[in-house]
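The structure under discussion is supplied below as structure tokens; questions concerning it will follow.
Numbers here are sequence positions counted from 1.
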Amino acid sequence: MTTPLTQKRRGQRRQEILETLVIMLESENGGRITTAKLASQVGVSEAALYRHFPSKAKMYDSLLDFVEESLFTRINSIIKNEPSALTRCPRIINLVLAFCGANPGVCRVLVGDALIGEDHRLHQRVVQLFARLETILRQVVRDADHQESLRTPFGQQASVNMMTVYINGKLLQFVRSDFEQVPTDHWEEQWTAMSKSLFRISAPGSQS
């Protein structure tokens, strides 16, 4: 019979495995993490590893669960507390960039580099995560158009696409530079330039 103490220890071991995986993803940038390497780093056998996670894909699933919960909980808070798209959009983008900058190993998963050769379903989860982010940004821009007299000169979809392409580019640059070029570098100056293209304040009664 499993006791609460045993459950707690299992939870701690699962957390240790995931933390070790993230560290290895950062330290072995460009390399594929095998369960043998991971078990060795944790200090357990591969059999013991599989008692906590039935497959490596499930480990990545748990990492992606952590990412989704961390990002979207905070994004929902931004949307609730920030009144305007002019503040919501940059805060959301900066949140994603800062989160990835603080978690380089996780960033490798999000750009797909760490998932080469892994279950295709994991790639789809990442695609869905960014699609969800894009949907949120699209709704923010749509609300700005309807409620704030803010217009997107190139169209809502093009503006949202520019923001998501910027995020993806920053994350790819971070990974390809061996984590030297931090995603938030030059953020404020770049957002100032982007926002001037993304949004225009329409005069009352204007249809443009």
Side-chain angles (χ1 to χ4, degrees), residues 15-33 38 56-79 81-82 85 87-141 159-195 198:
Q15 183 66 23
E16 182 185 2
I17 291 168
L18 292 177
E19 289 175 354
T20 302
L21 174 59
V22 170
I23 291 171
M24 291 179 69
L25 285 169
E26 178 180 353
S27 62
E28 299 188 25
N29 191 14
R32 189 166 183 262
I33 308 299
L38 179 59
K56 189 164 56 163
K58 289 298 182 182
M59 298 178 201
Y60 283 115
D61 271 324
S62 294
L63 279 183
L64 289 169
D65 288 342
F66 162 72
V67 173
E68 290 176 345
E69 182 179 358
S70 298
L71 287 180
F72 292 114
T73 298
R74 297 176 197 177
I75 287 172
N76 288 336
S77 178
I78 289 171
I79 292 173
N81 295 307
E82 292 292 341
T87 52
R88 284 176 178 176
C89 286
R91 284 204 60 191
I92 290 170
I93 296 170
N94 186 62
L95 167 66
V96 177
L97 299 182
F99 176 83
C100 290
N103 298 278
V106 171
C107 190
R108 277 195 64 204
V109 175
L110 293 181
V111 301
D113 173 70
L115 299 181
I116 295 174
E118 303 295 344
D119 191 329
H120 181 67
R121 180 184 55 79
L122 296 170
H123 293 269
Q124 289 303 114
R125 279 204 64 179
V126 173
V127 170
Q128 291 166 5
L129 185 154
F130 280 99
R132 182 179 175 187
L133 177 61
E134 184 169 347
T135 297
I136 291 171
L137 288 171
R138 187 182 300 112
Q139 186 60 53
V140 169
V141 171
S159 296
V160 172
N161 184 250
M162 181 184 292
M163 288 186 276
T164 55
V165 166
Y166 175 82
I167 292 170
N168 278 280
K170 278 289 195 174
L171 302 191
L172 281 168
Q173 183 184 59
F174 184 44
V175 172
R176 289 173 178 171
S177 69
D178 288 332
F179 309 124
E180 290 293 324
Q181 293 182 279
V182 180
T184 50
D185 283 350
H186 313 297
W187 156 245
E188 292 184 4
E189 302 94 323
Q190 290 166 349
W191 174 252
T192 297
M194 275 196 299
S195 63
L198 292 173

Minimum heavy-atom separation for A114 to Y60, with atom names?
O-OH, 3.7 Å
Nearest 0.5 angstrom please: M162 CE to L137 CG, how far?
13.0 Å
Which atom pair, heavy atoms only, marks the closest approach of E118 to I33?
OE2-O, 4.4 Å
CG on L115 to CZ on R121, rounded to 0.5 Å
10.5 Å
For the residue pair L38 and K56, establish whether any side-chain heavy-atom pair is separated by less than 4.5 Å.
no
Would you please test I75 and I79 for side chain to side chain contact (heavy atoms under 4.5 Å, CB included) and show each step?
CA-CA 6 Å; I75 287 172; I79 292 173; 4.1 Å; yes
Rounded to the nearest 0.5 Å, how far does CZ of F72 lie from CD1 of I78?
11.5 Å
Heavy-atom check, side chain of I167 versus side chain of F130, under 4.5 Å:
yes
Show the atom names and distances, to 0.1 Å, of all donor-acceptor pairs under 3.5 Å that link a side chain in residues 18-25 to residues at least two apart or in another chain.
unit_1, atom_1, unit_2, atom_2, d
E19, OE2, Q15, NE2, 3.1
T20, OG1, E16, O, 2.8

Let me confirm one number: the CG-CD distance from L64 to Q128, rounded to the nearest 0.5 Å.
10.0 Å
Considering all heavy atoms of both residues, which atom of K170 and which atom of V182 are nearest to each other, and what is their separation?
NZ-O, 4.5 Å
Just wondering, more than 12 heavy atoms not from H123 lying within 6.0 Å of its NE2?
yes
Show me, pair by pair, the donor-acceptor contacts under 3.5 angstrom made by side chains of residues 91-107, not counting sequence neighbours?
unit_1, atom_1, unit_2, atom_2, d
R91, NH1, E82, OE2, 2.8
N103, ND2, F99, O, 2.8

Test side chain to side chain contact (heavy atoms under 4.5 Å, CB included) on V160 and T135 and set out the steps.
CA-CA 9 Å; V160 172; T135 297; over 6 Å; no
Can a salt bridge be assigned to the pair K58 and D65 using a cut-off of 4.0 Å between side-chain N and carboxylate O?
no
With a 4.5 Å cut-off on side-chain heavy atoms, are V126 and L122 touching?
no
Near E188 CD, under 6.0 Å, is it more than 12 heavy atoms from other residues, nucleotides or ligands?
no
Go through the structure and list residues passing side-chain hydrogen bond (donor to acceptor under 3.5 Å, both in side chains) with Q139, not counting sequence neighbours.
R142, D143
Within the supplied structure, the quantity of interest is the number of heavy atoms (other residues, nucleotides, ligands) at a distance under 6.0 Å from E189 CD; does it exceed 12?
yes
By ring pair (Phe, Tyr, Trp, His ring centres under 6.0 Å) - contacts of Y166 (at least two apart)
W187
Which heavy atom of E26 sits nearest to which heavy atom of F179, and what is that distance?
O-CE1, 3.4 Å
Any residue meeting side-chain hydrogen bond (donor to acceptor under 3.5 Å, both in side chains) with S77, in chain and number order, not counting sequence neighbours
N81
Flag the pair F174 / T184 as yes when at least one side-chain heavy-atom distance between them is below 4.5 Å, and no otherwise.
no
Quick one: side-chain contact (heavy atoms from CB on, under 4.5 Å) partners of L172, sequence neighbours excluded?
V111, R176
Keeping T73 on the side-chain end and S70 on the backbone end, is there a donor-acceptor pair under 3.5 Å?
no
Would you compute the distance between atom CG of L133 and atom CZ of R138 and round it to the nearest 0.5 angstrom?
10.5 Å
Treating R125 as the side-chain partner and D61 as the backbone partner, does any N or O pair qualify as donor plus acceptor under 3.5 Å?
yes
State whether the side chain of T164 and the backbone N or O of N161 hold a donor-acceptor pair below 3.5 Å, judged by distance alone.
yes
Once you round to the nearest 0.5 Å, how far does CD of E134 lie from CG of N168?
9.0 Å
